[in-house]
Amino acid sequence: MICYDYINEYIRKTIKESGGILKELESFAAENHVPIVQPEVARLLLVLGRLLKPGRILELGTAIGYSAILLSGVLKPGGKIDTIDRYEIMVDIAKQNIKKAGLEDVIHVITGDAIEVLRCLDKKYDMIFLDAAKGQYGEFLPECLRMLNQGGLLVSDNVLYKGMVASDRLVVRRQKTIVQRMRSYLELINKNEDLETSLIPIGDGVAISYKK
Ligand code: SAH
Ligand code: MG
């Protein structure tokens with residue numbers, strides 16, 4: 001929790017429970033320690049997605065398919081999601097979940113390391129959700145910006161990384177490099193002339209960047 005616990009607990013209580021497959025996946029994630037988006041971040045993604053009505057979404061970090069299935073609900077009719085993960089066991093589980101949700105024609109899972117896959121992709125997206133390999137966001141950025149449409153959103157998750165990014169007092173020694181890289185990434189997206197960025201302290205920290 002990176003904001004006051006009492007505020008977070010209150011916000012959580014205001015959020016309506018998910019139903020169907022999303023609820024099942026939330027239980028699976030909790031039991032198996034899969035870091036799916038936190039409920040308040042899920043709500044933010046849904047609100048942003050409803051406003052944007054994206055035709056195409058790119059996601060880095062599929063895990064069990066939770067956020068991809070969630071985001072499928074905001075797509076324009078006929079819209080598609082490409083989502084990348086390098087962990088084959090996860091990809092198999094994600095594919096099963098996507099099939100169960102009847103979304104095989106909507107969500108395309110690509111197995112591989114995000115940076116390698118990104119370099120091979122040459123499509124345009126209206127929304128990119130960055131949720132994999134925190135230490136590499138800076139490397140992903142040029143590839144993401146190349147493929148993000150004007151008027152599109154880049155949403156980056158876990159950018160405050162347990163609060164460590166905002167305070168040296170919290171930094172655990174072996175996470176120092178990730179923290180420094182994340183600070184550089186935040187500087188990049190904040191300074192970039194093509195982007196309008198807002199950093200929001202919910203979940204593990206979310207940055208929303210609009211491409212002008
Ligand atoms: N977006 C998901 C959660 C993703 S968890 C959700 O909210 O439901 C992060 C995922 O990123 C993990 O499954 C991990 O395997 C994947 N990952 C980490 N580093 C990666 C990399 N370099 N390339 C591709 N996937 C990566
Ligand atoms: Mg995350």
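Indexing begins at 1, ligand by ligand and atom by atom, following the structure's order.
Grouping the Ile, Leu, Val, Met, Phe, Trp and Tyr side chains by contacts below 4.5 angstrom, directly or via other members, places I128 with L186. A continuous path of hydrophobic side-chain contacts links L195 to L199 [ILVMFWY only; heavy atoms under 4.5 Å]. Under a hydrophobic clustering in which Ile, Leu, Val, Met, Phe, Trp and Tyr are joined whenever their side-chain heavy atoms come within less than 4.5 Å, directly or via other members, I81 and M90 fall into the same cluster. Residues V165 and F140 share a hydrophobic cluster, clusters being chains of Ile/Leu/Val/Met/Phe/Trp/Tyr side chains in contact below 4.5 Å. Residues V117 and M147 share a single hydrophobic cluster, defined by chaining ILVMFWY side chains whose heavy atoms lie under 4.5 Å apart.
Here the side chains of V159 and K134 are not in contact, with every heavy-atom distance at 4.5 Å or above. You'll find the side chain of V171 reaches within 4.5 Å of the side chain of D168, heavy atoms only.
Here the shortest heavy-atom pairing between Y185 and G138 reads CD1-N, 3.7 Å.
For atom 17 (N) of ligand 1, the closest heavy atom belonging to the protein is A132 CB, 3.7 Å. At the shortest separation from atom 22 (N) of ligand 1 among protein heavy atoms lies D113 OD1, 3.1 Å. The closest protein non-hydrogen atom to atom 6 (C) of ligand 1 is S67 OG, 2.9 Å. Nearest to atom 9 (C) of ligand 1 among the protein's heavy atoms is D131 O, 3.2 Å.
Atoms of ligand 1 found under 4.0 Å from any heavy atom of G112 (numbered from 1 in listed order, with element): 23 (N), 24 (C). Interface atoms of ligand 1 facing Q136, defined by a heavy-atom separation under 4.0 Å, are 22 (N). Each of the atoms 15 (O) of ligand 1 lies under 4.0 Å from some heavy atom of Y87. Using a 4.0 Å cut-off to heavy atoms of Y66, the atoms of ligand 1 that qualify are 8 (O). Close approach of ligand 1 to P35 (heavy-atom distance below 4.0 Å) involves ligand atoms 3 (C), 5 (S).
The heavy atom nearest to atom 20 (C) of ligand 1, considering only R86, E59, Q38, is found in R86. The nearest non-hydrogen atom to atom 4 (C) of ligand 1, considering only A114, A29, A133, G61, comes from G61. The closest heavy-atom contact to atom 12 (C) of ligand 1, among the options L25, D85, I89, comes from D85.
Nearest N, O or S atom of D131 to the Mg ion (ligand 2): atom OD1. Closest to the Mg ion (ligand 2) among the N, O or S atoms of D157 is OD2.
The Mg ion (ligand 2) has N158 among its coordinating residues (N/O/S atom, backbone or side chain, under 2.8 Å).
In this structure, T62 has a heavy atom closer than 4.0 Å to ligand 1. Residue contacts with ligand 1: G65 is excluded, as none of its non-hydrogen atoms falls under 4.0 Å.
Between L46 and the options V74, L51, V41, a side-chain contact (heavy atoms from CB on, under 4.5 Å) holds for only V74.
Under 4.0 angstrom from ligand 1, there are no non-hydrogen atoms of L60.
A salt bridge does not link R43 to E40: none of the charged side-chain nitrogens sits closer than 4.0 Å to a carboxylate oxygen.
Some N or O of V37 is nearer than 3.5 Å to an N or O of ligand 1, by distance alone.
At least one donor-acceptor pair under 3.5 Å links the side chain of D126 to the backbone N or O of R56.
A donor-acceptor contact under 3.5 angstrom links the side chains of Q38 and R12, judged on distance only.
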